[in-house]
Chemist: 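Starting off with a structure, shown below.
Reminder, nothing fancy here: chain letters follow the sequence lines and each chain counts from 1. Note that the coordinates shown come from a computational prediction; the quantities given were computed from them, not determined experimentally. Below, each value reflects all heavy atoms present in this structure, side chains not excepted, and no hydrogens, waters or symmetry copies.
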2 protein chains.
Amino acid sequence: MKLTPQRKAVFDVILASRDHPTAADIMEHLRNSGQRVSYATVYNSLKYLTNAQLIRELKIGESASRYDARMEAHHHIVCEKCGRVDELLTPLPNEYWQAVTKDTGYDVHDIDIVARGLCPDCRRQP
Amino acid sequence: MKLTPQRKAVFDVILASRDHPTAADIMEHLRNSGQRVSYATVYNSLKYLTNAQLIRELKIGESASRYDARMEAHHHIVCEKCGRVDELLTPLPNEYWQAVTKDTGYDVHDIDIVARGLCPDCRRQP
DNA sequence: GTCATAATCAGACTTATTCTAAATGACGAA
DNA sequence: TTCGTCATTTAGAATAAGTCTGATTATGAC
């Protein structure tokens, strides 16, 4: 009694979407495809899926969190013009981790990167 | 008619605080020091100061934005236990910028890093 | 089938932030 | 000075994202 139909439905929406949908996007998608879900369930599902490591939550400085079903280590890049969020697969060099540990004295668990700029499409149209 | 007394007061609070205060922290600080300000003014001031490049806004995945009066290029590291936010001065190597540009096709304007881990104080007390 | 527990639901609530409309203040022109 | 204009401040209403509540509805174990 874990991956309920609602949770699976939420997961499927995230998997299918190539963008990184927000809770509201997911709600809209589910409603449009004729499923009746409550907001509480969507958020519950997102939390469950995050704990289950099936998705991850992205907080990239917008008001609403986005969700990503790609679980391999990666970062994100946001277009400042059209708002689209792409995967950023460029890995951070190991020396950077080491330098952070050394410079801050922290036990570093995780380093998150959000780049910003103009996406290829928006570069073309000024 | 620009850097009004209220805006200066907000700026001074951020300058004086070694932590990175939220709007609510700033409000509290001002009220405690006997100044009557409205929330709208605090937010207006924060926006003005940000535009004037006197402070910057930090969105590090918490619900509330924090504000930082240190303007030189730098990043942040958050303690997962006590929540404190420290400066992360370790610069990102130039090759990383180049690699991001190459890998994504974006015109990269800015790369933001938020590291997470255990601060030196919290490492000591398990 | 019965029971305990977990998940769902609608809607109320909270928190951070923005908006609104009225009041205040600063400055330049007459 | 007095006026008019326009930016700023204010209190409180409005919004947006997310969480909580209490009642209802599955689900699986027995």
Chemist: Are any non-hydrogen side-chain atoms of B:Y96 and A:T90 less than 4.5 angstrom apart?
Modeler: yes

Chemist: B:I26 has an atom CD1; how far is it from atom P of C:dT17, in whole Å?
Modeler: 10 Å

Chemist: B:L58 has an atom CG; how far is it from atom P of C:dT17, in whole Å?
Modeler: 12 Å

Chemist: What are the two closest non-hydrogen atoms of B:S65 and B:E57, and how far apart are they?
Modeler: OG-OE2, 2.8 Å

Chemist: Over how many whole Å does the gap from B:E62 atom CD to D:dG18 atom P extend?
Modeler: 15 Å

Chemist: What nitrogen or oxygen pairs link the protein and nucleotides 9-16 of chain D at under 3.5 Å?
Modeler:
from	atom 1	to	atom 2	distance (Å)
D:dT9	OP1	B:T4	OG1	2.5
D:dT9	OP1	B:Q6	OE1	2.9
D:dT9	O3'	B:Q6	NE2	3.4
D:dT10	OP1	B:R36	O	3.0
D:dT10	OP2	B:S38	N	3.3
D:dT10	OP2	B:T41	OG1	2.6

Chemist: Select base, sugar-phosphate, or nothing to describe what A:K47 touches, counting heavy atoms under 4.0 Å on all strands.
Modeler: sugar-phosphate

Chemist: Measure from CD on A:Q35 to P on C:dA7 and round the result to the nearest Å.
Modeler: 19 Å

Chemist: Under 4.0 Å between any heavy atoms, over every strand shown, what does B:T22 touch: base, sugar-phosphate, or nothing? Just pick one.
Modeler: nothing

Chemist: Expressed in angstrom and rounded to an integer, what is the separation of B:K59 atom NZ from C:dT15 atom P?
Modeler: 20 Å

Chemist: A:Y43 OH to C:dT14 C1': how many Å, rounded?
Modeler: 13 Å

Chemist: Where do A:V37 and A:V42 come nearest, in terms of heavy atoms and distance?
Modeler: CB-CG2, 4.5 Å

Chemist: Between A:D86 and A:R84, does any NZ, NE, NH1 or NH2 come within less than 4.0 Å of an OD or OE carboxylate oxygen?
Modeler: yes

Chemist: What's the CG-P distance between A:L46 and D:dG18, to the nearest Å?
Modeler: 9 Å

Chemist: For B:A73 and B:R56, which heavy atoms make the closest approach, and how far apart are they?
Modeler: C-NH2, 4.5 Å

Chemist: Can you see whether B:T22 engages B:D25 through a side-chain donor-acceptor pair at a distance of less than 3.5 angstrom?
Modeler: yes

